[in-house]
Amino acid sequence: MADIQMAQPDAVPVVSGTRDGRFAKSLIYVGGAILVVAALAAILAPLLSKWGPTEIDPSGTLAAPGGEHLLGSDGNGMDVWSRVLHAARIDLGIAVLAVALAVVVGTLLGLLAGYLGGWVDDVLMRIVDIFQAFPTFILALAVSALLGGGFFNLVITIAAVNAPAYARLVRAEVRTLREMQYIEAAKTSGASTLGIMWRHLLPNSLTPVRVIAPLNCGWAMLTLAGLSFLGLGVTVPTAEWGSMISLGTSDVVAGRWWTSVPPGLALLVCVLGFSLLGEGLQERADAKRR
């Protein structure tokens with residue numbers, strides 16, 4: 001009886017961990033599937049619609065869904081279905097590239113500040129403090145107004161407001177890792193500072209970054225849509241979900257919902273995909289720690 005009673009507590013964490021692992025996998029699979037479908041739709045956009053994203057149908061202005069226009073047309077006579085598909089290229093492309101750039105810059109700054117410490121840490125963290133002193137969207141508005149619109153300017157804008165968070169995250173990880181015995185062993189063996197940072201600290205400090213990056217991709221898409229909605233991002237006639245929502249705002253009041261609801265739903269679904277993927281990665285990381 002004593003043996004049976006002692007075995008019971010050991011069985012509970014295993015079941016809990018298994019359930020957490022399954023839940024995490026479900027989130028990752030669902031989120032990943034949504035993003036794969038969105039990416040395929042963006043890539044195959046020219047094949048999925050017979051209209052171009054900026055092609056105008058003079059006889060089909062504000063046409064209701066159906067017939068020649070699957071999701072109707074906007075006030076300029078452009079096909080909504082085609083523009084929603086082609087806008088995915090802009091929104092997904094800018095979001096992913098901006099977060100990737102933010103990860104690279106933020107990781108580099110955090111790695112240098114966390115390992116070198118001293119005045120390097122003080123200078124870099126004060127720069128980060130300046131960026132984080134403002135609300136992120138307000139800062140994005142300011143940077144976007146300074147740099148202007150355009151694909152690459154928007155990538156830089158969104159990356160600039162995301163990079164400080166990664167810098168602080170990696171710095172905190174590196175400050176913990178640099179006290180580990182294997183780092184001391186690497187120093188004793190004569191490894192260079194650059195070698196220690198590249199071979200030992202960088203790979204081990206990226207775990208939280210991999211979890212947060214997908215969530216930030218969703219935030220980046222919302223930021224881009226917000227900037228375009230206010231006229232500081234992608235502008236008409238280029239297809240982008242935020243500018244499409246802005247253009248169709250007045251139409252919704254008049255009952256012509258199809259000019260702004262489809263791009264809004266597309267944005268919602270993609271952000272949901274990134275959120276589920278990020279949450280799944282977070283759940284899996286937590287399950288491993290348990």
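Hydrogens, waters and symmetry mates play no part in the numbers below; they use all other heavy atoms, side chains included. Keep in mind the model is a prediction, meaning the values are calculated, not measured.
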Visitor: Counting only N and O atoms by type, is there a donor-acceptor contact under 3.5 Å from the side chain of T249 to the main-chain atoms of S246?
Guide: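 Here the side-chain-to-backbone pair exists.
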Visitor: Using the side chain to side chain contact (heavy atoms under 4.5 Å, CB included) criterion, which residues pair with R210? Sequence neighbours excluded.
Guide: L206, T207
Visitor: Taking W258 for its side chain and A64 for its backbone only, find out whether a donor-acceptor pair lies under 3.5 Å.
Guide: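 Such a contact is absent between W258 side chain and A64 backbone.
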Visitor: I'd like to know if the side chain of N76 and the backbone of M78 have a donor-acceptor N/O pair within less than 3.5 Å.
Guide: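 No, because the side chain of N76 does not come within donor-acceptor range (under 3.5 Å) of the backbone of M78.
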Visitor: Restricting to non-hydrogen atoms, name the atom on T136 and the atom on V161 that form the minimum distance, rounded to 0.1 Å.
Guide: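 Of all heavy-atom pairs spanning T136 and V161, the closest is O-CG1, 4.0 Å.
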Visitor: For H86 and S82, indicate whether the former's side chain and the latter's backbone hold a donor-acceptor pair under 3.5 Å.
Guide: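 Flag set: sc H86 to bb S82 pair under 3.5 Å.
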Visitor: List the atom of A113, the atom of R171, and the distance in Å for their closest heavy-atom pair.
Guide: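 Scanning both residues, the minimum pair turns out to be CB-CD, 4.1 Å.
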Visitor: Backbone N or O of W219 within a donor-acceptor pair of the T223 side chain at under 3.5 Å?
Guide: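 Yes; at least one donor-acceptor contact below 3.5 Å.
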Visitor: Does S205 reach the main-chain N or O of L202 with its side chain, forming a donor-acceptor pair under 3.5 Å?
Guide: yes
Visitor: If you take all heavy atoms of G264 and I245, which pair is closest and at what distance?
Guide: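 Distance-wise, the nearest heavy atoms are CA-CD1, 3.7 Å.
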Visitor: Would you check if the side chain of S228 reaches a backbone N or O of L224 as a donor-acceptor pair within less than 3.5 Å?
Guide: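 Checking the backbone N and O of L224 against the side chain of S228, a donor-acceptor pair under 3.5 Å is found.
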Visitor: Kindly state each residue pair satisfying side-chain hydrogen bond (donor to acceptor under 3.5 Å, both in side chains) with at least one member in residues 177-195, sequence neighbours excluded.
Guide: Y182-N204
Visitor: Mark yes or no for whether W51, through its side chain, and E68, through its backbone, hold a donor-acceptor pair below 3.5 Å.
Guide: yes
Visitor: Return the minimal non-hydrogen interatomic distance between Y166 and N216, and the atom names on each side.
Guide: OH-ND2, 2.8 Å
Visitor: Would you check if the side chain of W241 reaches a backbone N or O of L222 as a donor-acceptor pair within less than 3.5 Å?
Guide: no
Visitor: Check for me, please, whether M180 and M197 land in the same ILVMFWY cluster - side-chain distances under 4.5 Å, paths through other members count.
Guide: yes
Visitor: Taking all non-hydrogen atoms of both residues, which atom of A63 and which atom of H69 are closest, and how far apart?
Guide: CB-CD2, 4.2 Å
Visitor: Salt-bridge test for D79 and K50: reply yes if a basic N is under 4.0 Å from a carboxylate O, no otherwise.
Guide: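 Salt bridge absent between D79 and K50.
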Visitor: Does any N or O in the side chain of N153 come within less than 3.5 Å of the main-chain N or O of L147, such that one atom is a donor and the other an acceptor?
Guide: yes
Visitor: Minimum heavy-atom separation for V170 and G110, please, with both atom names.
Guide: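 Closest approach of V170 to G110, heavy atoms only: CG1-C, 4.0 Å.
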